[in-house]
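Contents: one structure, followed by commentary.
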Amino acid sequence: AYPEADKPIKIQGAALRDSVAGSDFSYEDMNGERGYASRYTPKLAGTESLGGVACTVLELAAKKPGQAYPFIRIWVADQDGAVRKMEEYSQNKRLLKTQEVLAVKNLGGKTVPVDMVMTDALKGKSKTAFKLESVEWDRPLDVKLFSLEELTW
């Protein structure tokens, strides 16, 4: 028996750069809880239209070394504040990934990306599509959903 196998393992450090279920999204890409304000210094880089949507372009520079993406460009829609595109770069500003939001919807008073594509420039422009079909806000969840048994493939 391996009792340590029943203990949750926190994903941190370099493991955050690993692929989620073989996709082009990394755990770092999915970790929105950490936010950008505390980790990056923003700079206004101009305006641009994406698919007919007026956007403000921001450039973010990592405040400290060790971020998965030391430099990021973000296109934020002026009309609703939703991110429409994000480019993530290495320290020497080599493009690593591009995340494009193809569609957003207002769901329960929140603007939510419902169709997006992540392109990994390091994997020969490999792409992963993400489509959100439904959302339920403030729904009580059974604590069993967060058990080790439910996390097993």
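Every heavy atom of this structure was used, including side-chain atoms; hydrogens, water molecules and symmetry mates were not.
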Taking Gly109's backbone N and O only, do any of them form a donor-acceptor pair with Asn106's side chain (distance below 3.5 Å, no angle check)? yes
According to side chain to side chain contact (heavy atoms under 4.5 Å, CB included), who are the partners of Asp80, at least two apart in sequence or on a separate chain? Ala77, Ala82, Arg84, Val104, Thr111
Are the side chains of [Y] and [X] in contact, using a 4.5 Å heavy-atom criterion?
X: Ile72; Y: Tyr89; answer: no
X: Leu102; Y: Val117; answer: yes
X: Lys85; Y: Leu50; answer: yes
X: Tyr36; Y: Leu60; answer: yes
X: Arg39; Y: Gln67; answer: yes
X: Leu58; Y: Val76; answer: yes
X: Leu96; Y: Leu122; answer: yes

Specify the closest pair of heavy atoms between Tyr69 and Tyr40, including all atoms of both residues, with the distance to one decimal. O-OH, 2.6 Å
Which heavy atom of Trp137 sits nearest to which heavy atom of Leu107, and what is that distance? NE1-O, 3.0 Å
Between Val112 and Met116, is there shared hydrophobic-cluster membership here, with clusters defined by ILVMFWY side-chain heavy atoms closer than 4.5 Å? yes
Same apolar cluster (I L V M F W Y, side chains within < 4.5 Å links), Phe71/Leu95: yes
Any pair counted as ring-ring contact (aromatic ring centres under 6.0 Å, His included), so long as it reaches residues 96-127, sequence neighbours left out: none
Taking it one step at a time, do Glu48 and Trp75 satisfy side-chain contact (heavy atoms from CB on, under 4.5 Å)? CA-CA 8 Å; Glu48 191 174 322; Trp75 285 254; 3.3 Å; yes
If you round to the nearest 0.5 Å, how far is NZ of Lys97 from CD of Glu88? 6.5 Å
What do the steps show when you test Val57 against Ile74 for side-chain contact (heavy atoms from CB on, under 4.5 Å), and what is the final call? CA-CA 6 Å; Val57 183; Ile74 299 178; over 6 Å; no
Residue among Val114, Val135, Asp115, Leu132 satisfying side-chain contact (heavy atoms from CB on, under 4.5 Å) with Lys105: Val114
Salt bridge (Lys or Arg N to Asp or Glu O under 4.0 Å): pairs with one or both residues in residues 54-73, sequence neighbours excluded: Lys43-Glu59, Glu59-Arg73, Arg73-Glu87
